[in-house]
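Since the structure comes first, as structure tokens, the remarks are kept for the end.
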Amino acid sequence: GRPTVRELRNYREYQKLLDHHAEETGLPVVVDFYSNSCGPCRMIAPVYKRVAEEYKDKVVFAKVNMEANRETSNRLGIRSMPTF
């Protein structure tokens with residue numbers, strides 16, 4: 001099956017996910033912008049995963065690693081972590 005929290009690797013995947021749910025499913029999308037070197041990000045990660053499991057049929061959860069996917073965070077003006 002599909003992962004509970006989906007990792008978005010580039011801006012195209014990010015935009016495709018948002019467009020799909022806006023146009024097809026109507027489900028809200030929550031995106032966590034994080035970094036593995038960010039202490040607060042590591043602390044919130046298990047909670048984010050639990051909430052994603054609890055609401056898996058009602059909300060779509062995704063993550064963007066700001067170190068690996070700078071394009072998306074730069075295009076959206078994300079400057080601090082974690083950002084949801």
Side-chain angles (χ1 to χ4, degrees):
R2 191 164 289 185
T4 308
V5 178
R6 183 173 169 187
E7 181 79 33
L8 303 174
R9 297 176 308 237
N10 55 51
Y11 185 76
R12 188 182 69 75
E13 285 185 7
Y14 169 84
Q15 198 58 58
K16 184 177 177 184
L17 181 75
L18 290 184
D19 290 346
H20 171 74
H21 290 290
E23 297 166 8
E24 303 292 328
T25 71
L27 291 173
V29 177
V30 177
V31 181
D32 174 15
F33 290 85
Y34 76 100
S35 164
N36 291 325
S37 63
C38 165
C41 299
R42 289 193 309 272
M43 289 171 46
I44 198 71
V47 175
Y48 188 71
K49 187 174 182 180
R50 274 197 309 274
V51 171
E53 289 168 0
E54 185 177 339
Y55 290 92
K56 74 178 182 177
D57 295 324
K58 298 175 183 133
V59 180
V60 176
F61 290 84
K63 294 181 85 154
V64 172
N65 182 332
M66 290 181 59
E67 293 170 345
N69 185 354
R70 291 186 191 273
E71 174 193 16
T72 301
S73 55
N74 287 341
R75 287 178 81 164
L76 298 173
I78 306 294
R79 299 282 176 252
S80 60
M81 299 172 284
T83 295
F84 297 90

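Residue numbers count from 1 along this sequence.
- Closest approach of Met81 and Tyr34 over heavy atoms only: SD-C, 3.6 Å.
- Hydrophobic clustering (ILVMFWY, side-chain heavy atoms < 4.5 Å, transitive): Phe84 and Val51 are in one cluster.
- Cluster annotation: Leu18 is not connected to Tyr55 through the hydrophobic network of ILVMFWY side chains, with a link wherever side-chain heavy atoms come within less than 4.5 Å.
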List, one per line, each side-chain donor-acceptor pair under 3.5 Å for residues 72-79, sequence neighbours excluded.
residue: Thr72; atom: OG1; partner: Tyr11; partner atom: N; Å: 3.0
residue: Thr72; atom: OG1; partner: Asn69; partner atom: OD1; Å: 2.9
residue: Thr72; atom: OG1; partner: Asn69; partner atom: ND2; Å: 3.2
residue: Ser73; atom: OG; partner: Arg70; partner atom: O; Å: 3.2
residue: Asn74; atom: ND2; partner: Arg70; partner atom: O; Å: 3.3
residue: Arg75; atom: NH1; partner: Glu71; partner atom: OE2; Å: 3.4

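- Taking each heavy atom of Met66 and Ser80 in turn, the nearest pair found is SD-O, 4.3 Å.
- Hydrophobic clustering of Ile, Leu, Val, Met, Phe, Trp and Tyr side chains at less than 4.5 Å, counting indirect connections, keeps Val59 apart from Val64.
- Taking hydrophobic clusters as Ile, Leu, Val, Met, Phe, Trp and Tyr residues chained together by side-chain heavy-atom distances below 4.5 Å, Phe61 does not share a cluster with Leu8.
- Note: the hydrophobic cluster containing Val29 also contains Leu27 (ILVMFWY, side chain heavy atoms under 4.5 Å, direct or indirect links).
- In this structure, Tyr48 contributes its side chain and Ala62 its backbone to a donor-acceptor pair below 3.5 Å.
- Contact detail for Pro82 and Cys41: the closest heavy-atom pair is N-SG, 3.6 Å.
- Atom-to-atom distance recorded for Lys56:NZ and Thr4:OG1 is 6.0 Å, nearest 0.5 angstrom.
- Atom CD in Gln15 sits 13.5 Å away from atom NE2 in His20 (nearest 0.5 Å).
- Of all heavy-atom pairs spanning Val5 and Lys63, the tightest one is CG1-CG, 3.2 Å.
- Closest approach of Ser35 and Asn65 over heavy atoms only: CA-OD1, 4.3 Å.
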